[in-house]
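For reference, the structure discussed in these notes is given below.
All heavy atoms count here, side chains included; hydrogens, waters and symmetry mates do not. Convention: sequence-line order gives letters A, B, ...; per-chain numbering from 1. Please read these numbers as outputs of a predicted model, since none were measured by experiment.
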There are 2 protein chains.
Amino acid sequence: MDARILIEVLQKNGHRVTKARSALLSILDKKHSPLSAMELQKLLERKGIIVNKTTIYREIDFLIAQNIIHSVALGDEATRYELSSRDHHHHIQCTSCGNVVDLPLNNELKEIEKQITRGTGYMIEKHALEFFGLCKNCQK
Amino acid sequence: MDARILIEVLQKNGHRVTKARSALLSILDKKHSPLSAMELQKLLERKGIIVNKTTIYREIDFLIAQNIIHSVALGDEATRYELSSRDHHHHIQCTSCGNVVDLPLNNELKEIEKQITRGTGYMIEKHALEFFGLCKNCQK
DNA sequence: CTAAGTGCAAATAATTTGCAGGAAG
DNA sequence: CTTCCTGCAAATTATTTGCACTTAG
């Protein structure tokens, strides 16, 4: 249970473990695709945990500050978030239904990043690689 | 002049060529990094062309519909736009000053896209690959 | 002329913030 | 208890839309 370990770490570091906080971690741990603030709120609701949207945003800020989650920008309405403890991966979003799926890829980009640093002097910290297309269902 | 050609095409297709429209095209043609709605408005202003922000957004919609520009999502405040007629490329944004630079890269992703299609059944239409890091200046 | 372009004010939508009350440790 | 968490309402920011007016062709 990734979520359990994260909760332990939070406790060890003197952070409070609220119902919403631990439920969010277990939701993020189970769902293998990035979730928006609204989606997180709804998934909490299904567990019987009703919180204000403000709380969701503050919880997101907190978890980002703890390096537990990070944002994923796909260019549509809302920012999504996912656990940072996952192996590095990318996403593909269906341009019709909007569904997002994780894509396990190897580090094809390491060499490219070195090239870029050589060419531009930038000290690269991270990258975002997202794919877009029609999922099987929407091809019909 | 890329902008000139685009203007001719618009005229040929029966679209009007307003001061703002042609100025936007020449601005986008010159600036080799994606621009936000607000930046576009300000750059027009510097040319003495004062337009409402609404006009900027409507012009962006129009140019996207004409396949002349497309959006670039970097995950911060605003969406940026750039000419589609440019060779396919990517960007790197400084995580400190926010500056965005174009990166000419070859099609390293073609093979990866084929893999993804084989593995997931998605019919891939496009991808977004952005890099983030510290620019030379901000490393000091 | 006449459809397309434009400004302005108001509407949305995502996210942020101030403040006062409530709960975790 | 005391700091952190939370709700609520109001503020902010990016973008959209309705309506009446203006202009390019």
Fill in the blank from the handout: Taken to the nearest whole Å, CG/A:N13 to P/C:dG25 is 14 Å
Completion exercise
Rounded to whole Å, CG of A:L40 lies from P of C:dA14 at a distance of 14 Å
Exercise for the section: Assign A:I56 to base, sugar-phosphate, or nothing according to its heavy-atom contacts below 4.0 angstrom with the strands shown. Expected result: nothing
Practice task
Could you label the plane-to-plane angle of the A:F131 and B:H127 rings as parallel, tilted or perpendicular, counting under 30° as parallel and over 60° as perpendicular?
Solution key: perpendicular
Practice task
For B:N13, look at atom CG and say whether over 12 heavy atoms of other residues, nucleotides or ligands are found less than 6.0 Å away.
Solution key: yes
Exercise for the section: Counting heavy atoms from C-beta on, name the nucleotide in D:dT16, D:dT6, C:dT6 closest to the side chain of A:E59. Expected result: D:dT6
Practice task
Look at the side-chain N and O atoms of B:N52 and state whether any lies under 4.0 Å from the OP1 or OP2 oxygen of C:dC8.
Solution key: yes
Exercise for the section: May I have the distance from B:E39 (atom CD) to D:dT15 (atom P), rounded to whole angstrom? Expected result: 11 Å
Problem - A:I49 CD1 - D:dT6 C1' separation (whole Å) - result: 14 Å
Handout entry: A:T54, nearest nucleotide to its side chain (from C:dA14, C:dT17, D:dC19)
Key = C:dT17
Problem - Atom-to-atom span, CZ of A:R21 to C1' of D:dC5 - whole angstrom - result: 8 Å
Exercise for the section: Please confirm whether any donor atom in the side chain of A:R16 sits under 3.5 Å from an acceptor in the base of D:dT3, or the reverse. Expected result: yes
Practice task
Whole angstrom is fine here: how far is it from CZ in B:R80 over to C1' in D:dA14?
Solution key: 13 Å
Practice task
Indicate whether OP1 or OP2 belonging to D:dT15 is found under 4.0 Å from a side-chain N or O atom of B:T79.
Solution key: yes
Practice task
Without swapping roles, check the side chain of A:R80 against the backbone of A:L74 for a donor-acceptor pair under 3.5 Å.
Solution key: no
Handout entry: Whole-Å gap separating P (C:dC8) and CD1 (B:I50)
Key = 11 Å
Exercise for the section: Give a yes/no answer on whether the side chain of A:Y57 brings an N or O atom under 4.0 Å of OP1 or OP2 in C:dT15. Expected result: yes
Practice task
Round to a whole Å and report the spacing from NZ of B:K53 to C1' of D:dA14.
Solution key: 8 Å
Handout entry: N/O (side chain, B:T18) to phosphate O (OP1/OP2, C:dT6) under 4.0 Å
Key = yes
Exercise for the section: Applying salt bridge (Lys or Arg N to Asp or Glu O under 4.0 Å), run through A:E111 and A:R118 and close with a yes or a no. Expected result: CA-CA 11 Å; A:E111 190 46 49; A:R118 260 183 259 126; 3.5 Å; yes
Practice task
May I ask you to say what A:I60 touches in the nucleic acid, namely base, sugar-phosphate or nothing, with a heavy-atom cut-off under 4.0 Å?
Solution key: nothing
Fill in the blank from the handout: Note: for B:A37 and B:Q11 on DNA chain D, the residue whose nearest nucleotide lies more 5' is B:A37
Handout entry: Expected output: side-chain B:R16 to main-chain B:L10 donor-acceptor under 3.5 Å
Key = no
